[in-house]
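Scroll down for the structure; my scribbles are underneath it.
Order of the sequence lines fixes the chain letters, A, B, ..., with proteins taken first and strands second; residue numbering starts at 1 for each chain. Being a predicted model, the structure only gives us computed values, none of them experimental.
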Protein chains: 2
Amino acid sequence: MDMPVEERLGLAVKRAEQRLMAAKHAAVKTAGLTVPQYAALLALAANPGISAAALARECLVTPQAMTVVLKNLLEHGLIERAPHQWHRTMLETHLTDAGREALHTADAAAVVIERRIADAFSPDERDSLRDLLDRFTQAI
Amino acid sequence: MDMPVEERLGLAVKRAEQRLMAAKHAAVKTAGLTVPQYAALLALAANPGISAAALARECLVTPQAMTVVLKNLLEHGLIERAPHQWHRTMLETHLTDAGREALHTADAAAVVIERRIADAFSPDERDSLRDLLDRFTQAI
DNA sequence: ATCACGCTATCAAAGCTTTTATATCTATAA
DNA sequence: TTATAGATATAAAAGCTTTGATAGCGTGAT
């Protein structure tokens, strides 16, 4: 208990991330998506036919977590899954038209937030913040 | 889709927070706690007898979320809850000896991480990072 | 050809979180 | 005194996440 308010630095990072997630959550909600669903659709649009496991790595979550996200996207008709030709053990995932539309709507709202953040800093400050955060991550 | 890699700045923050949480998770796990449980015990130690709703505000979560956390802590015998004298509608929560011990163990491990992070920066850099993160949070 | 290793998918258990909705009690105002 | 507002607790539904465990399919080394 010899550190003042739990952490100072860690606290600031957590607060920033919390706000960011809250804002993004509200943004993508306009398209009926959650943040993890939005992230999955975004990666899916860039990698058509990717497997669930690969998608999980792309989104930095466990395969099990991605399975649940995909299950919900599937139930909402935003993606399609079909077994791969040769690798029968693999399921190819693709966006549906509805999925593409939802992604487009969500992305428009998400970009607004990113732009607002970016505009709050000068180019030098952006570089500085990115550098400090990278070192923060490395230090752990 | 006119922004490069989703966000750059938001991504760096998220990555830093993700690493921080992963490290903290592993740290407090040595005491058999989760991060939310650790946060609750920490706030509880500083505010003996606090109500669940007040504790939720302290920890920046919803009362319902805190209820679940307290339920689990109660089942593990780390806290006690008893109705307040006048306000029968309120439950006073207190740490048990086991709870105090678990908190002490978890805190020791958590402080190690904070120290490692703090040591990665000069005092000026710490101030700079904190300032940039605060502006990041404000911008949203 | 066979066996082991790695990748894929999935199930189950345990936890955290949010939104929505109820019910009760306290305190203050009409 | 009654009514309203504020605070507390709890329940249910829906989602995300992790760890642990099971099982099938390919590739490469033996």
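The nearest pair of heavy atoms linking B:A102 to B:L33 is O-CD1, 4.0 Å. Residues B:L55 and B:A43 approach most closely at CD1-CB, 3.6 Å, considering heavy atoms. In terms of heavy atoms, B:Y38 sits closest to B:A110 at OH-CB, 3.5 Å. Minimum heavy-atom separation, B:G32 to B:Q37: O-OE1, 4.1 Å. Scanning all heavy atoms of the two residues, the minimum distance from A:L133 to B:A12 falls at CD1-CB, 3.8 Å.
Counting to the nearest Å, the P atom of D:dT18 and the CE atom of B:M21 are 11 Å from each other. Distance CD (A:E58) to C1' (C:dC7): 17 Å, rounded to an integer number of Å. Between the P atom of C:dT17 and the CD atom of A:E17 lies a distance of 12 Å, rounded to the nearest Å. As rounded to whole Å, 12 Å separates atom P of D:dG15 from atom CG of A:L78. Taking atom CD of A:Q37 as the reference point, atom C1' of D:dG15 lies 8 Å away to the nearest angstrom. In this entry the distance linking CD of B:E92 with P of D:dA9 reads 11 Å, nearest Å. Between A:Q18 atom CD and C:dC16 atom C1' there is a gap of 13 Å when expressed in whole angstrom units. Taking atom NZ on B:K24 and atom C1' on C:dC16, their separation rounds to 17 Å, with Å as the unit.
Nearest-nucleotide positions on DNA chain C for B:H76 and A:K29 put B:H76 closer to the 5' end. Position along DNA chain D of the nearest nucleotide to A:N72 versus B:R81 favours B:R81 as the more 5'-ward residue.
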Next item on the list: Starting from the C-alpha separation in whole Å, work towards a yes-or-no answer on salt bridge (Lys or Arg N to Asp or Glu O under 4.0 Å) for A:E114 and A:K24.
Entry: CA-CA 9 Å; A:E114 287 299 333; A:K24 282 218 167 170; 3.5 Å; yes
Check: Should A:D119 and A:R116 be marked as a salt bridge (Lys or Arg N to Asp or Glu O under 4.0 Å) after you check the CA-CA gap, both sets of side-chain angles, and the distance that decides it?
Finding: CA-CA 5 Å; A:D119 289 349; A:R116 194 154 62 217; over 6 Å; no
Check: How far apart are the C-alpha atoms of B:K71 and B:L74, what are their side-chain angles, what is the distance that settles it, and do they pass the side-chain contact (heavy atoms from CB on, under 4.5 Å) test?
Finding: CA-CA 5 Å; B:K71 180 174 70 64; B:L74 194 58; 5.7 Å; no
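Of the residues in residues 59-71 of chain B, those with a non-hydrogen atom less than 4.0 angstrom from any atom of DNA chain D are B:Q64, B:T67.
Residues A:S128 and B:L132 meet the side-chain proximity criterion, which asks for heavy atoms closer than 4.5 Å.
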Look for any protein N or O under 3.5 Å of an N or O in nucleotides 5-8 of chain D and output each such pair with its distance, or none.
| residue | atom | partner | partner atom | Å |
| --- | --- | --- | --- | --- |
| D:dT8 | OP2 | B:R57 | NH1 | 3.1 |

